[in-house]
Protein chains: 2
Amino acid sequence: MDDDGLSPVFGALADPTRRAILARLAEGPAPVTELGRPFDISAQAVSKHLKVLERAGLISRTRQGQWRPCRLEAAPLERASGWIEQYRAVWEDSLGRLEQEIDRIQGRQDDATHD
Amino acid sequence: MDDDGLSPVFGALADPTRRAILARLAEGPAPVTELGRPFDISAQAVSKHLKVLERAGLISRTRQGQWRPCRLEAAPLERASGWIEQYRAVWEDSLGRLEQEIDRIQGRQDDATHD
DNA sequence: CGGCTTATCAACCATGTGGTTGCATATCGG
DNA sequence: CCGATATGCAACCACATGGTTGATAAGCCG
């Protein structure tokens, strides 16, 4: 199967808390406590979210005193975007063509019945 | 929380089988049996994948005789792409700037210690 | 050293996923 | 109506997720 590591990336993106964390991280690195502040969850839950993001390669963590600042790693986002962009033609142009195709096939069935 | 339904979409994308199904569907509608043919899984497993895709709004199913042809619905892909594209600047341009920022902060700490 | 903050690890629980098998249903085609 | 095909539903299993609480390690600061 063609898995260039996109599954963990999309999986990490499939959670609003993690998407919000990435949004915050886009403005610059931040330690765990600050990342979790907006959410009504424990620090441990935040830590688990970060682990998911890290396994997907979306963030990297360094040590700085007792803080572990997280940094956004955008490369996986670029690959994910590239995958979706394959379908840009579908939603921009070919979608109407596809629908017409279906109508054509269904129309042919109608012809066969009432003729 | 800002959840405009992107979580199910990314969740559906987080599986290589489902991504392959979408790839096949991009070429046109197809019934369940044909969608499952390339994979070494049961028809029921395919059906469950399709249910996940359907709940995410990525496909729609119609009835045509005993077949239930699936059709790709690209709108959620467009929204997902839009979300990721927010970060294009990060991986295209600002990434280096971000790294420099970190180096600057760390450098300032070094200054404080050895000065 | 002792205490505070930061952050992670471990165990637990409920739920979803990804697969299976078995059964039910619907439709075509004799 | 009967049988074959296409598809869905339900139950089950193993495992991951997303949350909790409790304990623990690592750093700062007094």
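By convention in this document, chain letters (A, B, ...) are assigned in the order of the sequence lines, proteins followed by strands, and residues within each chain are numbered from 1.
- Distance from the side chain of A:R68 is smallest to C:dA7 among D:dT7, C:dA7, C:dT6.
- Of the residues near DNA chain D, A:D40 and A:G65, the one whose nearest nucleotide (by heavy atom distance) lies more toward the 5' end is A:D40.
- A 4.5 Å side-chain heavy-atom check between B:T62 and B:R68 finds every atom pair outside the cut-off.
- Ring geometry for B:F10 versus A:F10: interplanar angle under 30°, hence parallel rather than tilted (30 to 60°).
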Inset, instruction - Carefully, step by step, assess A:L25 and B:Y87 under the rule side chain to side chain contact (heavy atoms under 4.5 Å, CB included). - result: CA-CA 11 Å; A:L25 245 29; B:Y87 298 87; over 6 Å; no
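- Distance, A:W67 CH2 to C:dA7 P: 8 Å, rounded to whole Å.
- Atom CG in A:L58 sits 5.5 Å away from atom CG in A:L22 (nearest 0.5 Å).
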Legend entry - Criterion side chain to side chain contact (heavy atoms under 4.5 Å, CB included) on B:C70 and B:L50, from CA distance to verdict: CA-CA 8 Å; B:C70 298; B:L50 294 178; 3.8 Å; yes
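- The stretch residues 53-61 of chain A touches DNA chain C through A:R61, each having a heavy atom under 4.0 angstrom from the strand.
- Residues from residues 41-51 of chain A with heavy atoms under 4.0 angstrom of DNA chain D, sorted by number: A:I41, A:S42, A:Q44, A:A45, A:K48, A:H49.
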Inset, instruction - Go through the steps for B:W67 and B:V32 under the test side chain to side chain contact (heavy atoms under 4.5 Å, CB included), then give the verdict. - result: CA-CA 8 Å; B:W67 292 280; B:V32 178; over 6 Å; no
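- Atom-to-atom, CZ of B:R37 to C1' of D:dT7 comes out at 14 Å; the value is rounded to the nearest Å.
- Atom CG in A:D15 sits roughly 13 Å away from atom P in C:dT17 (whole-Å rounding).
- To the nearest 0.5 Å, the span separating CG on B:L13 from CG on A:L6 amounts to 8.5 Å.
- Contact between the side-chain N/O atoms of B:R63 and the OP1/OP2 oxygens of D:dA6 is not found at any separation under 4.0 Å.
- When only modelled atom types and interatomic distance are considered, A:S81 and B:E85 share a side-chain donor-acceptor pair under 3.5 Å.
- The CD1-P distance, from A:I21 to D:dG18, rounds to 11 Å in whole Å.
- For the atom pair CZ (A:R24) and CG (A:L35), the distance works out to 6.5 Å, reported to the nearest 0.5 Å.
- Distance, A:Q66 CD to D:dC29 P: 8 Å, rounded to whole Å.
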